[in-house]
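Counting starts at 1 for both ligands and their atoms, following the listed order. Everything numeric here is computed off the predicted structure, so don't read it as measured data. The basis for the numbers below is simple: all heavy atoms, side chains too, and nothing from hydrogens, waters or symmetry mates. Numbering of residues begins at 1 and proceeds along the displayed sequence.
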Amino acid sequence: MNTRIWAASALALTLSQSTLAQAPAPSPTPSEVSVSVDVNRPGPVIDRHIYGQFAEHLGHGIYDGIWVGEGSKIPNIRGYRTDVINALKEIKVPVVRWPGGCFGDLYDWRDGIGPRSKRPVRINVHWGGVTEDNSFGTHEFMNFTELLGADAYVSLNVGSMTPLDSARWLEYMTSNEKATLADERRRNGRDKPWTVKFLGIGNETWGCGGNMSGEYAAEVNARYSTFVTAPAEMGMVKVASGATGNGGDYKAFTEAMMKGGGKLQALSFHYYAMPAGGKRGPATGFDESLWTRELDLTRKMETFVSDVSAVMDKYDPDKKVALYVDEWGSWYDQEPGSHPGFLLQQNSLRDAEVAALSLNIFHRHTDRVKMTNIAQMINVLQAMILTDGPKFLRTPTYWVYHMYVPFQEATPLPASVATPAYTSGSFSMPQVDASAARGTDGKLYLSLVNTDPVRSARVTTNLTGTATGRILTGPAMDSHNSFDAPDAVSPKPYSGRSENGRLVFDLPARAVAVVAIP
Ligand code: AHR
């Protein structure tokens, strides 16, 4: 919804071309940028679920990442890592999607209930062929969401189980009756029904969820969603599995779902910022060409969301069906030496920019986008947290989520940005991206992202008063946190100054800042 004005500047072009693939050096001349916030044109609220997470049975995403078990030497609350729970509470995780992902379409919920010692051991064929002992199942997940204060988003196995199996799972979780499945749940230690707020009808039905055509997937959704219900007062939202931006005709798939998917409440979309053809590149130790390529790939989300929304508008002009981008984020080569199939990657300042640019895009599309789930919460892809045994660190992406907390449930305000381009090789993008919103506390929040790894910016605004907040930056494009230096990249205090009655910000290169303006 925001208008962004940006123009290529010859100076930006010369500067970036001459510094390609070098470690960033201080910029002699900051570029001149202006940001204008229109406080009189509020948009639809930024649903807190836009700050959602995804946790799949993949690598160390669940085991060691969330769950260590009650007997572990690692400090835990009833089996959940204390450090992880505390850190996730700070970013006010609103929703967690589970158990997959691809894992979900071979998951039998009955494997994950009852005494842990008696649960069957299966092979996780999608992710490394390792054994899955099912010690983290329905009770462990649902109790985890309650411990966090987050909503549960349960993804059903549509690919390889029947609607009846899923209906029974829902009854097990949500029934308050004196009935066989509810009694089994009670015997397994949970008296009260849980609330399943969101229900995924499959995952990636065009791929690992069943290799279906759009038309067939739509029919499956219509049929399946008829049979999977929860008590009406729960207000559960059923989510049809949608298209991907990573290949195939996403508009045709979206159209097929909207046309033949039955009575939809929400439709999902997946997009990972990774190049087609598999040459993903490393998570750290990259040059400027890979910095720029990744940010360019990230920015494509704006087109995908606009295009998918436009198709949805044809069938749903009143925007009653929400769009959930329930998998997104950076996807690089996995860390050398890590287990094949575990998708473990470091997380650097580049990922902080990926997160901030993506969240700003979602803020601009709150008319349709009501939930997103970054992939994935811990130890997998663009994670918030990395762990190794008792070791723990918060990634630069985590810190963006931390700084952006005031945007949850805030009212977005259009921010026009007049900025030179940051250009490198064949890629060109606005040097500065911004998002503004009125927080639930009445303050105006402004986020500023400098995509240029070399050149700082002087950002003049139409805003007045004082502005204080935090900034995330580092000495290199791939600055990151390690278990030896877990706080190398962490937010520092930041403020604007008043010049001729207007707020002005000195924005360093490769930085994300968020300020509050009372
Ligand atoms: O997040 C990793 C995988 O990416 C998920 O399992 C799948 O849905 C997607 O292709």
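- The residue from W127, W328, F103 that puts a heavy atom closest to atom 3 (C) of ligand 1 is W127.
- Closest protein heavy atom to atom 6 (O) of ligand 1: E56 OE1, 2.7 Å.
- Annotation: H270 places no N or O atom under 3.5 Å from an N or O atom of ligand 1; distance criterion only.
- With salt bridges taken as basic N to acidic carboxylate O contacts below 4.0 Å, none links R350 and E288.
- Looking only at atom types and distance, the side chain of R394 has no donor-acceptor partner in the side chain of H402 under 3.5 Å away.
- Remark: the backbone N or O of S348 is paired with a side-chain donor or acceptor of D351 at under 3.5 angstrom.
- For the residue pair N379/Y63, the side-chain donor-acceptor check at 3.5 Å is not satisfied.
- Contacts of H126 with ligand 1, taken as heavy-atom pairs under 4.0 Å, are absent altogether.
- Looking at ligand 1, you won't find any N or O of A375 less than 3.5 Å from one of its N or O atoms.
- Expressed to the nearest 0.5 Å, how far CH2 of W98 lies from OH of Y107 amounts to 4.0 Å.
- Looking at T284 and H480, their side chains never bring a donor and an acceptor atom within 3.5 Å of each other.
- For atom 1 (O) of ligand 1, the closest non-hydrogen atom of the protein is Y272 OH, 2.8 Å.
- Of all atoms in ligand 1, listed by their number and element, those nearer than 4.0 Å to a heavy atom of N203 are 8 (O).
- When each atom of ligand 1 is checked for a heavy atom of F54 under 4.0 Å away, the hits are 1 (O).
- Here the CD-CG distance, from E90 to N86, works out to 7.5 Å after rounding to the nearest 0.5 Å.
- Every atom of ligand 1 with a heavy atom of C102 under 4.0 Å away is listed here by number and element: 5 (C), 6 (O), 7 (C), 8 (O).
- Rounding to the nearest 0.5 Å places CD of E146 at 4.0 Å from CZ of R190.
- Listed by number with element, the atoms of ligand 1 under 4.0 angstrom from any heavy atom of E204 are 7 (C), 8 (O), 9 (C), 10 (O).
- Close contacts between ligand 1 and G101 involve ligand atoms 5 (C), 6 (O), 8 (O) [criterion: under 4.0 Å to a heavy atom].
- Residue W331 places no N or O, backbone or side chain, under 3.5 Å from any N or O of ligand 1.
- Partner H49 forms a ring pair (Phe, Tyr, Trp, His ring centres under 6.0 Å) with one of F362, F198, Y153 and no other, that one being F198.
- When non-hydrogen atoms are compared, ligand 1 lies under 4.0 Å from the side chain of L381 (C-beta onward) but not from its backbone.
- From the protein, the heavy atom lying nearest to atom 7 (C) of ligand 1 is E327 OE1, 3.3 Å.
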